[in-house]
Each structure stands twice: as C-alpha cells, then as structure tokens.
Q: 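Submitted below is the structure of interest, expressed as structure tokens.
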Amino acid sequence: MSEMKLSCEAVRQVEEVCEKFHNDPGELIAILHECQDRLGYLPEPVQRIIAGKLCIPASKVYGVVTFYSFFTMSPKGKHPVSVCLGTACYVRGADKLLEEFKRVLGIDVGQTTPDGKFSLDCLRCVGACGLAPVATIGDKVYGRLNPADIKRIISEFEAEE
Amino acid sequence: MQKKIKLTIDKIPVSVAPGTTILDAAKSVGIVIPTLCHMDLKGTCVQNKPASCRICVVEVEGRRNLAPSCATACAEGMVVWTNSARVVRARKTIAELMLSDHPNDCLTCPKCSDCELQRLVMRFNIREMPFQGGEQSTRKKEVTAAISRSMDKCILCRRCESVCNNVQSVGVLGAIRRGFDTTIAPTFDRMFKDTDCTYCGQCVAVCPTGALTERDNTDRLLEDLNDPNKIVIAQPAPAVRVALGEEFGMAPGTIVTGKLATALRHLGFTKVFDTDFAADLTIMEEGTEILHRLKAFLAGDKSVKLPIMTSCCPAWVNFYEHNYPDLLDYPSTAKSPGQMFGAIAKTWWCEKRGIDRKKVVVVSIMPCLAKKYECERPEFSVDGSPDVDYSISTRELARLIKRANIDFAQLPDSDFDTPMGESSGAGAIFGATGGVMEAALRTVYEVYTGKELPKLEFTQVRGFDGIKEAVIDLDGFPLKVCVAHTLGNARILMDKLRKGKLDYHVVEVMACPGGCIGGAGQPYHHGHIEVLDARREAIYREDEGKAIRMSHKNPDIVKLYEEFLGEPLGERSEELLHTHYFNKQIQ
C-alpha cells in the first residue's frame, strides 16, 4: 500500500523505540519524537509500524503527526532552515527574510531542495527575541539577520561540503 | 438507594440521580435543549460526547461562563436557565459561526430537510448570515461504491470518528491537521477504498449534515425502470419493511410489508420478489454447513473450524478480510441472502423462462450501504453481468416513492410475486441482531434431532446487549452459541479466536448497532434508541404473524431444491450460493 519501502535497519529502529516506551499508546508523542530524531522524518510506513506496535489505528498516529508542526512526513534537508515568525521577529521583517530564503533556495515552506541539502520551515519564537529577526540553520542561531546576508550564509554552508 | 439531587431548570423543580447531565435532567421534565455534536443511543455503545459544538449551552446561576449542558453534571440547588436572553444569543452566534464556512447549497444538498444543522438554523430563526468565513471547498470529496463524502459540509462534531473508532473499532476516520485546516479524513488522507473501511456506513448513519451520505442510485434505477428492454426485479430486505413507514410520517415500528410490495409495483418493477425468501435459502445452506462442521467435530475431526461464523453481513465480511486474514476459514462460505437471491434469479428464474440474464436487472432494497459495495465484488458476477446489479437504501426507496407521486399511506396491501416471494418468519427476523442465529437454530434443531421444536422463540439471543451467549440443548448435545453486533464487539470475539480462546460452536455477527434495523441505509434515527426498539419489536411481530416460521418448511424453498438445486451444499448450491474470502490486509 505504502509507496516506499523502509530499510530493515529503519524498521528495527522504529520497533526498538516503541519497545523502549513499552509499546504504550500514552507515549505516542515521545515515540514519534525519537523516531523522527533517528530517521529524520516520519513517512507512512513508520507510522504504520508504530500503530501496529501500539495497537492503535494508523489514523490516530497520522492525526497526531499532522497536528504538530514539529513532525514531518518528508525528509528534512541536511541543513534545516527555520525562520522565526514570532511577534518580535515579524515586526522586524521576518516575512522579508522568509521570502529571501525561498528565493535563494528555490523552494517553498515545508519543502526540501532537490539535492537534499536544505529544507525550509517556519517556527514561532526560539526565545531570542532580543536578536530579532532570527533564523536557525541546523543547531546554529542567526540573529539580527538582514535579507542581504542570506545568500552569503547559504553559500558558506554549500562551501562546507 | 442513592440520594437524589434537586435543582430547578427554567423554574421547574427537577430531581435526578447523581451524575445526570443537565441535558438529560431537562429532557426528563420536557425541556429539549438543542444539541448538535452530542449523540447517545442509550443502551448501545453509540455515543459521542465531546462537548465541542457548544450549541447546548445553558446559564447556571453563580457561574461566570455558560455551561455545556451535555457535559455538565447536575448539582444540588443548581438554578439553570436554558432559554435566557444570554443563552439564546450565544447559541445563535455559535450556529451563525458554523454557517460562516458552510456551503450555502441547502436546496440541492442530499441531506436537505433531514439535516440537524438546518433544523437548528430554523429553530434559532436565523434569517441571514452575518459572518463570512473561508469556505472549506478544498476539503476532499469522494464517491465510493457505498458512501459519498463532501467534507466541506463537515462541522467537526466527531460523531463519525467516534463510531468508526469506538463503536466499530475500524479506526479509519480521524481528525487530521489543526485549527481551521482540521478535517476528518480516512487514514493518511487517502480515499476510503485505499483504507480498511468496511463500508458499514455507520459514519453516514450519525452524520448530522450532508458531509457523509449514501451513494445515490435512484437516477440509475429510474432509467432502468423506464427501459422497455429491461426486466427489473425488486428484492427488499427484512429490515426495510419495519422502517420505511417512518419516511412517510408513520410511527417507528409500523409494518408496511403489503404497502411496500404495492409501491414497488407502482414504481414499475416487473417482478416484486422478497429477500426474505433468500434469507430462508441462506438458512438452508448455512444451517447445513453448521451441521456438517458439528458432525465432523463430534466424529473427532481435529481440522474442523469452529466456531462457524455467519457471513450475511457484507461489512463484517470486509472487516475480517482486512483484519483477520489468518482466520478466513472460520466464517461460513454461504453468500448473503441478497447475493443468493441474485444468483438464483439470474439462473433458475431466467432459465425457466428462457430469458437472457443480461436483460434482467436485479435491484436489492437494503437497510445497508455495504450492500452497494457488495454488488460490485467481482466474484458476484458472471461474464460482467452482476448477480445483483445494484442496491438502493430504504431512504432512497422512500425518495423514489415520493418522486413517483405515490401516496404511500393510502396504498392497499399486496403480496410478493411467486416463486421467490414466499418466506417464513425465520427469514423475517434476519433484520435484527440475533435473528440469523435464531432462524438457524429453528432449522438446525429440527434437522439435527429429527424432532419437532417445542418452542420456536430463542429469546436468549434477542435484545441489544453487545455480546449475547446461550447454550441450546440439541437433544443432549449442548450447542454453545454467541451473537455480537457492532464490529467493535466482533473484534473482541475475533481476538479471542486468534488466541484459541473462543469456546462456541456458532457465532453470529452483524456490523450495525441492533443489526440491520440499525443499518446505515435506514431512515435516520437521530440518536433516538426508541426508533430502533420499535423496529426490533416490529421484526418479531412480523415473524409471529407468519403462517410458516421455519426456513426448511417454506414450500417455495423446498420446490427450489427439488427443481433446481438438489440439496444444500450440493454441487449446484456450492457453485451458486457459496463464496470464498480474500486477504485484504493493508501492508
């Protein structure tokens, strides 16, 4: 039914996570967190395995995955970009920042570049309002960003390879 | 005895048991608070109490906020107002907000005049729409073999989600995404056909609006009825005749069998036969299968699969094909009565008259939506000609009768046509949970023991308990039987069977609450259990009124075997009246 097949290793990982949480349906969110941590995203087959282990319908798992914006069903880029659209960042021009990221990366929010290097998302507040507008790339936080900086920052990541 | 709680509702003193909601307390003194998301089919497990729509709010003196009466328990000395200016204003605003993103196409909506949202709008005297929201036109629409889905009309009451998960344990429907984007969708936002949906249709039975409705076959039927080259045959199911009258203002439980036959003739059906006849035929086949397995078991055959399970209910068949592919050799191989009827009509009846089966259109009138899907199963057709061409619901038949200018209440009674119209009381009770079991027991007892059954009624298997069990004395052999309705209860039994812990000989399952009388194609019950109670009572009255009450004593059934089939489970019966099951598990 599902279009993609998981590797045996990925299946083992998902089962291991479920068992770590004693296949407890009450731990669904924690299980999803850890699976996404390990695999990078939560495609349909992963959700089906979790549903099977926890003895709950796959529709329940899917409902939770689509409810929380943190969870993703498509693989994130190697360098996930998140632009803060919280109030402080927004009034200091986060929307223009986001537009520039879209233009430079050539992708829309929620998408990943074809080479798999970058993905683009929005979030609400990373607790660095004093540095607004803020964006994060991987674990790195960039403050007081100007749209003009973005091309340079991205090219730095590309040069890293 | 527990102490009663005293309170006043709209100045009326009320005394109720602790835990009673304001909604129920008000109802007990004749105050009907409007509800929308709430549903409680008392005495069954059909419940939806999310307290999310807020239509039922009331004012409780001393409380700052209005309280949802469906989820607020009565307390000693409470003073409740269900109709104060504040309450009326709030309720109206809530309904207006619901309308703000609801499609404005009531006139052509299939639920028009039977829609609970529409009724509230009329009740609250809403004459304009003050709010304009974004219409939910991007939400999915889908027409399956059985169910039609227009999620732009969904008000997120969650009734469908509750029945699909908590009652049926099918677990296909659920809320996805959040906020304004929230929608109720089948697993992974797929189409129903790509999920474990059984087409039981109980989501349709409880949907308050036009979001979930049946696939309509009435136009197709009208075309066939007007085609002079086609011979159109009707077969109405047992549960239809105890519910159809409701669509014409008759009290629930009114038996309209005679009017039903007349109406079908007026509509232009060439022959008006009866699915009850085929129900008797089912008992002959399934009853014989029960006897065969029992005898093999008693002879020490370890390979025999017990319990044998009934297979009349197409949603139940889907359920075990999807969820229990490892146990497919337990259910009886007997087809459903509707399909048996089609197979016999398009062979025996056609051959006797030299009619080409391709000229014949067999239409079943069913309390069921899964039957629509069942008609499309490829194994139930011969060279592209289905045994049953298609199925319409009780509701669709009512619409056709109204459209054909027929004053149903004034119709005279008439009988079904022969030779496929005669039926026994055993066939009649197929429409209620426990009915197939009771019908089978009447025949199995007599055939097994060779004695006359002292008392026809097996009341142990009647009623709305979710799982009923009984031990029947077959001349010294204790036959252990079990009856379940709703697929959630069926799952309990199947999980036990998988562990080898289901200690019965015969099990009956019907997917819908109450059996076919509570089917998804019946007039909407709108949460009133009294409606199902009355239909059930009528089913057993229909049985009592029959001259013949055992399937094997139906003379037309005897004739069918003499003339055509030979014997139950014989070569021809196996070919025409039995089927096999498929593994439909989604990986």
Side-chain angles (χ1 to χ4, degrees), chain A residues 1-8 10-12 14-15 18 23 25-26 28-29 31-33 35-36 39 41-75 85-86 108-111 121-124, chain B residues 50 138-140 149 151 154 156 158 160-198 200 203 319 321-326 487-488 491-492 494-495 498-499 583-587:
Chain A
M1 194 83 262
S2 314
E3 287 80 8
M4 59 161 301
K5 277 251 179 284
L6 281 184
S7 69
C8 294
V11 174
R12 197 193 59 75
V14 175
E15 288 178 343
C18 291
N23 298 324
L28 176 60
I29 290 175
I31 291 168
L32 290 170
H33 256 285
C35 287
Q36 182 162 308
L39 305 174
Y41 69 124
L42 299 166
E44 254 188 58
V46 169
Q47 295 181 43
R48 285 198 190 277
I49 297 170
I50 295 172
K53 293 291 276 183
L54 272 48
C55 294
I56 55 174
S59 61
K60 279 256 150 75
V61 180
Y62 182 67
V64 172
V65 169
T66 55
F67 185 88
Y68 292 105
S69 58
F70 172 80
F71 295 128
T72 173
M73 287 183 64
S74 52
L85 292 184
D108 215 337
V109 174
Q111 293 180 337
D121 279 294
C122 301
L123 51 75
R124 305 263 177 225
Chain B
T138 52
R139 290 187 187 167
K140 277 195 178 159
R149 197 157 65 93
M151 295 321 278
C154 172
L156 297 172
R158 309 289 185 101
C160 59
E161 188 182 353
S162 290
V163 288
C164 189
N165 289 276
N166 307 341
V167 179
Q168 300 297 53
S169 79
V170 169
V172 162
L173 285 173
I176 61 167
R177 299 193 281 270
R178 73 192 294 179
F180 197 67
D181 295 327
T182 309
T183 180
I184 308 292
T187 318
F188 295 116
D189 207 9
R190 289 253 169 91
M191 293 296 166
F192 272 132
K193 66 176 173 54
D194 299 323
T195 68
D196 286 322
C197 177
T198 65
C200 75
C203 54
F319 185 73
E321 285 185 327
H322 277 272
N323 296 287
Y324 299 93
D326 49 324
L487 294 172
R491 187 182 286 279
I492 294 172
M494 292 305 272
D495 285 344
R498 196 173 257 165
K499 289 181 191 145
N583 178 350
K584 293 193 180 158
Q585 193 158 40
I586 291 175
Q587 296 304 323

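In what follows, chains carry the letters A, B, and so on, assigned in the order in which the sequence lines appear, proteins first and then strands, with residues in each chain numbered from 1.
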Q: So which residue, A:Ser69, A:Ala51, A:Ala58, ends up with the most heavy-atom pairs under 4.5 Å with chain B?
A: A:Ala58

Q: If you count every heavy atom of other residues, nucleotides or ligands that lies below 6.0 Å from A:Tyr68 atom OH, does the total exceed 12?
A: no

Q: Testing the basics here: between A:Pro57 and B:Gly171, what is the closest heavy-atom pair and its distance to 0.1 Å?
A: CB-O, 3.3 Å

Q: Quick one: what part of B:Asp196 sits under 4.5 Å from any heavy atom of chain A, side chain, backbone, both or neither?
A: neither

Q: If you look at every heavy atom in B:Leu173 and A:Ser59, which pair is closest and at what distance?
A: O-OG, 4.2 Å

Q: Please give me the minimum heavy-atom distance between A:Phe67 and B:Arg177, naming the atom from each residue.
A: CD1-O, 3.7 Å

Q: For B:Asn165 versus A:Lys60, what's the shortest heavy-atom pair and its separation?
A: OD1-NZ, 4.0 Å

Q: With rounding to the nearest 0.5 angstrom, report the OG1 to CD distance, B:Thr187 to A:Gln47.
A: 10.5 Å

